[in-house]
Every structure is written in structure tokens, then in C-alpha cells.
Number of protein chains: 2
Amino acid sequence: MSRGKLNVREPLLRRLPRYYRYLNELKNMEVKRTSSLELGERMGITSSQVRQDFNCFGGLGQQGIGYEVNALLGRIRKILGLNSRYKVIIAGVGNIGHSLASYSEAASEGFDILALFDVNPRLIGCSVNGIMIYDIDDMKEFIREKGVEIGIICVPKDRAQATADIMIEAGIKGIWNFADVDLYGPAEVVIENACLNDSLYTLTCRMNILQCF
Amino acid sequence: MSRGKLNVREPLLRRLPRYYRYLNELKNMEVKRTSSLELGERMGITSSQVRQDFNCFGGLGQQGIGYEVNALLGRIRKILGLNSRYKVIIAGVGNIGHSLASYSEAASEGFDILALFDVNPRLIGCSVNGIMIYDIDDMKEFIREKGVEIGIICVPKDRAQATADIMIEAGIKGIWNFADVDLYGPAEVVIENACLNDSLYTLTCRMNILQCF
DNA sequence: GTGCAATTGTTAAAACTTTAACATTTGAAT
DNA sequence: ATTCAAATGTTAAAGTTTTAACAATTGCAC
Ligand SMILES: NC(=O)c1ccc[n+]([C@@H]2O[C@H](COP(=O)([O-])OP(=O)(O)OC[C@H]3O[C@@H](n4cnc5c(N)ncnc54)[C@H](O)[C@@H]3O)[C@@H](O)[C@H]2O)c1
Ligand SMILES: NC(=O)c1ccc[n+]([C@@H]2O[C@H](COP(=O)([O-])OP(=O)(O)OC[C@H]3O[C@@H](n4cnc5c(N)ncnc54)[C@H](O)[C@@H]3O)[C@@H](O)[C@H]2O)c1
């Protein structure tokens, strides 16, 4: 299942944000240059894998020398799509929605949260972190008018697919879903399910298996 | 039969919580019996994979018939470690910590959040969702005394590893980490990094690659 | 300049995961 | 009772991902 000219397969896609984090760390330590060996050791993966991964994007390093931290970081930023800014909205201003809206680093990372939406009349008209909460019925038009690219879903799980459908009809490009259910949409809309419970159950599963030894 | 040699590899481990969700859905629809074909179609995977997966745990189905939803669900609950109750604490009561503490379904899923911890003196002494916030300096003793099994880390990322180290010294069994950094510990402590940013960047990466067509 | 150590890019092998194939089991219809 | 369709368990093949190996390139010491 090819995803275009960049050949980013699933396992690499999951490693990319980690590369980004570790390279940022090196940058903050003012390290100018690194090697597949050093990076791999820090990240707990083989140097072979690091080289193989970076090679998917063409010659990012220099033989005999290594990789320039800044240049590599820039390239990966771009591949991750972090050189663009994104117009974002959040549907559902409960626990999770409120928390994400309050995350003040979002803007500095390129994510402009333009508005929040909810059904609860007590919330409509209020604001969180300076961002207004509107009636969910106005979401579709808002997405269309403002050209919103990313929708974050924080509604109860039985309302999640319906909320996603509205976003998709309005022309959203990507959906970040926190409801405890898989969402589906047409191929041109990217959907990332961030099921928190799945992650927690993975933890308890491993805790249980370890006890068997 | 004991679970002594459960052979749960990474990809299967990531699918298990999904099986759990979809089986729960079937149960709620009062479906008594299902097949690898039906389950696979719902989940978007092949029936072969479903059978192969379930076979890791021994004969969960019956040839010619299929799988009993309830029995299968029970078995997967157990494998995921969801038949036990867990004593849980949260370190860092900011946006995310507050949100998780307020998630009222946690207890019904078997996770008893006993206490919250923070450095902020304004927070210490307050409570969230009926759960007290204590001084982070008291966390170590609390874990020891109460036999806390799971620690959730919601502190800023530059304090995350130090916080994890304290939990580990106190004898915690598992750590669920929301700070935007990988945490490390000894092999007998299970650590699940739930880096939200990684998930978001995966989304933007796919949005960008799709545009290449 | 030459030789050497460091390190990438690239190819090949190994390991792992998924899919396909099929023999076997079951229950129901006749 | 026999046959058939449905469905699992299991084995084999195909596909994917990771690791290992090594030739090529670079900078540095002498
Ligand atoms: N909070 C957590 O710690 C946590 C953990 C795991 C999973 N989740 C999942 O995240 C999702 C949200 O959880 P939460 O704790 O924030 O829930 P919540 O109940 O606190 O918030 C849900 C919000 O959505 C609003 N809402 C309901 N229907 C809506 C609709 N049709 N359109 C717009 N808004 C609507 C509600 O008014 C409410 O404000 C749930 O699916 C939950 O299963 C949450
Ligand atoms: N909130 C989000 O939407 C979001 C999104 C992505 C990543 N994150 C990550 O999650 C983590 C927490 O984010 P947040 O938004 O909840 O932060 P926050 O600043 O709202 O909360 C952090 C809390 O930790 C407390 N704290 C600080 N040092 C502590 C220590 N040593 N011991 C105990 N408590 C301490 C602070 O007093 C504060 O209450 C961060 O690492 C952040 O990068 C958050």
C-alpha cells in the first residue's frame, strides 16, 4: 500500500516522531553532528536501522562523517509536515477536550486552535485558554468558511463517528480521535485514532505477562 | 491452564485491545457467537489473522461453529490483565493529569486512582473528582505503604524521568507516561509511553504524504 | 601523499508477520 | 446415515522489516 513518492511504511512512520524528538534533544545540547551509531544507541535501535530509515529520504548524511543535526532535523520536520501551520478545531469540551485546548504549546508547534464546539448550552459562549466554545451545529459551516484542516474529536464514543462524518462532509483533511472507538472515513481523509485505553491495556497486559516468569 | 508461555508479540499486543473493543461491541449487540470472518471484516483485517492470533492462546473457538463472544471476551480480558483491580496514582495535576483524574469510568474498568501528587503548593490539599492532591515528596512513601501498582506521569517532560525513578524505587510495577519523552527503567518495570505529540505528528505526516499524489 | 579509523549508502541475509491453502470438525438438512 | 456448508486449527508460502556485511568516502595523523 504505497503512500506516494515518499516511501514511508508504517513502522518507519511510527519511528519518525521519535527521531524528531531525539534530534531536537541533541540540538538543544548544541551537538552539531551525530552518527547512526550514537543516535541508535540513544534510541535503543540498531545503527543499521537508522541508516536504512534515513536512506528512504535520500542522502541525508555524508560518508565518513555522519549527519548534521540541524539539516537532518529540518528534513524530518518537513517530512512530518511540521513546516506548515494548521487550522484546528476541537469537538467536545469535556475532560480531554478542555485539556488539549489548554495546552499552550500547541500554537508554538504550528497548531492554531481556532474554535471549540460542544452541545452543552452551559459551555457554549464560554472560552478556554482564550478560545471560544461554539454550538456544535455551527461546526460544519465554520470548517468550510475558515478552511479548517484538522479536527480533534473529544466527544463521547457513541457520538464520535457522527461528529467525524460532519467534519468530513465539511472538507476536513485530518481527524485526531480520542474517543475509545475506531473511526472510519474516505481514503483522502487521514484519521489517527489515539485510543488512550488501548495504550493502558497494553501496559496491564505486559504487567501480567511479566508476572508469569 | 496457566498463562506461563503466552507468546504475545508486539503486533499482536497492539491488536489485543482492539479485539477487546470489537468483542465488547458484539456483546452489547447481544451477539452470542461470531466467526473469524465476521470479526475480521468489522476490524479491517483478514480472517486468517484473527484465527492465527487467537490460536496463540490455544483453542478459543470450535471448528465448524466459530467463537463464543462471551468466552472469548473473558479470555482476552484476562490476557489483557483486566480481571484484576489496580491501585493507581497520578503525578502532575496539570491539564492532562486533571483530565485523567476526572475520567470517572476509570474505576469501573478496574483502575482505582488513590491519590494525586504535585509540587504546586496551591494544588496540594485540594481534590479532583474526590481524589486528594498530596505533596510530591510524599509519593514514594505512599506507593510503598499502599502497594500502588501503576503510576501515571503527567509532569513536564524535564521532570518526567526523575519522577519515574522515584516511582521505580518505591516498587511500582507499571508506568503510563504522558510526558513528551521516552522513559527508561529496569526490565521488571513495564513502561508505556503514550506520547500524544507523536500521534499528532503521525497524522500530519500522513496528511502531507497524501498530498504527493 | 599514504594509511588508517570512522562512518555512510547499499546489498544481502535473517527474522518476523501476514496471508493463503487445506485438512478437519461440526451441525443441519434430507 | 449421508452429504453439505460453515468454520476452525494448522501448515506453508509470501511479504515485510530488521539486521548484518561490506564497499565507498572522508578527514586526520604522520
Ligand atoms: N478523560 C479521560 O481520561 C479519558 C480516558 C480514556 C478515554 N477517554 C475517551 O475520550 C472521550 C471524551 O472523554 P471525556 O472524559 O473528555 O468526556 P466528557 O464527558 O468529559 O466530555 C465530553 C464532552 O462532549 C460533549 N458532547 C457530547 N455530545 C456531543 C456532540 N454530539 N457534539 C459535541 N459535543 C458533544 C459533552 O457536552 C462534553 O462536554 C470519550 O470517548 C472517552 O471514552 C477519555
Ligand atoms: N496538555 C496537553 O494537551 C499535552 C499535549 C501533548 C503533550 N503533553 C505533555 O504532557 C505533559 C503534561 O502536560 P500538561 O499540559 O498537563 O502540563 P501542565 O503544565 O498543565 O501540568 C504539569 C503539572 O505538573 C506539576 N509538576 C511540575 N513539576 C513536578 C514535579 N517534579 N512533581 C510533581 N508535579 C510536578 C505542575 O505543578 C503542574 O501541575 C507534558 O510533558 C506535556 O509535554 C500535554
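Per chain, numbering begins at 1; letters A, B, ... match sequence-line order.
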Roughly, in whole Å, what's the span from [atom1] in [X] to [atom2] in [N]?
X	N	atom1	atom2	value
A:R33	C:dT7	CZ	C1'	11 Å
A:R51	C:dA6	CZ	P	14 Å
B:F54	D:dT10	CZ	P	15 Å
A:L37	D:dT19	CG	C1'	14 Å
A:R14	C:dT17	CZ	P	17 Å
B:E38	D:dA6	CD	P	14 Å
A:L39	C:dT7	CG	C1'	14 Å
A:E41	C:dA6	CD	P	14 Å

Considering only side-chain heavy atoms of [X], which listed nucleotide, [options], is closest?
X	options	value
B:Y67	D:dG9, C:dT17, C:dT8	D:dG9
B:N55	C:dG9, D:dG9, D:dT17	D:dG9
B:Q49	D:dT10, D:dT18, C:dT19	C:dT19

Students often get this wrong, so: under 4.0 angstrom with heavy atoms, is [X] touching a base, only sugar-phosphate, or nothing?
X	answer
B:L60	sugar-phosphate
B:R15	sugar-phosphate
B:S36	sugar-phosphate
B:S35	sugar-phosphate

Can you tell me if [X] and [Y] form a side-chain donor-acceptor pair at under 3.5 Å?
X	Y	answer
B:D53	B:Y19	yes
A:Y103	A:E109	no
A:S199	B:E192	yes

Rounded to the nearest 0.5 Å, what's the gap from [atom1] on [X] to [atom2] on [Y]? Could you check?
X	Y	atom1	atom2	answer
A:I143	A:M167	CD1	CE	5.5 Å
A:C205	B:R77	SG	CZ	13.0 Å
B:Y67	B:S36	OH	OG	5.5 Å
A:I152	B:L203	CD1	CG	9.0 Å

- [ ] State which residue, out of A:R15, A:R21, A:R18, fulfils the salt bridge (Lys or Arg N to Asp or Glu O under 4.0 Å) condition with B:D198.
- [x]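 Per the salt bridge (Lys or Arg N to Asp or Glu O under 4.0 Å) rule, the option paired with B:D198 is A:R21, out of A:R15, A:R21, A:R18.
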
Task: B:R75 (side chain) donor-acceptor with B:F57 (main chain) under 3.5 angstrom - done: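 Yes; judged by distance alone, with no hydrogens or angles, the pair exists.
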
Task: Donor-acceptor under 3.5 Å (B:T204 side chain, A:L80 main chain) - done: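 At least one qualifying donor-acceptor pair exists.
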
Find every protein N or O atom lying less than 3.5 Å from an N or O atom of nucleotides 23-27 of chain D, and list the pairs.
from, atom 1, to, atom 2, distance (Å)
D:dA24, N3, A:Q63, OE1, 3.2
D:dT25, O4', A:Q63, OE1, 2.5
D:dT26, O4', A:Q63, O, 3.4

Please write out each protein N/O paired with an N/O of nucleotides 11-15 of chain D under 3.5 Å, distance rounded to 0.1 Å.
from, atom 1, to, atom 2, distance (Å)
D:dT11, O4, B:Q52, NE2, 3.3

Open item on the list: Any side-chain N or O of B:T46 below 4.0 angstrom from OP1/OP2 of C:dT19?
Closed with: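 Yes, B:T46 has a side-chain N/O under 4.0 Å of OP1/OP2 on C:dT19.
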
Task: Contact nearer the 5' end of DNA chain D, comparing B:G66 with A:D53 - done: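 Its nearest nucleotide lies further toward 5', so the answer is B:G66.
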
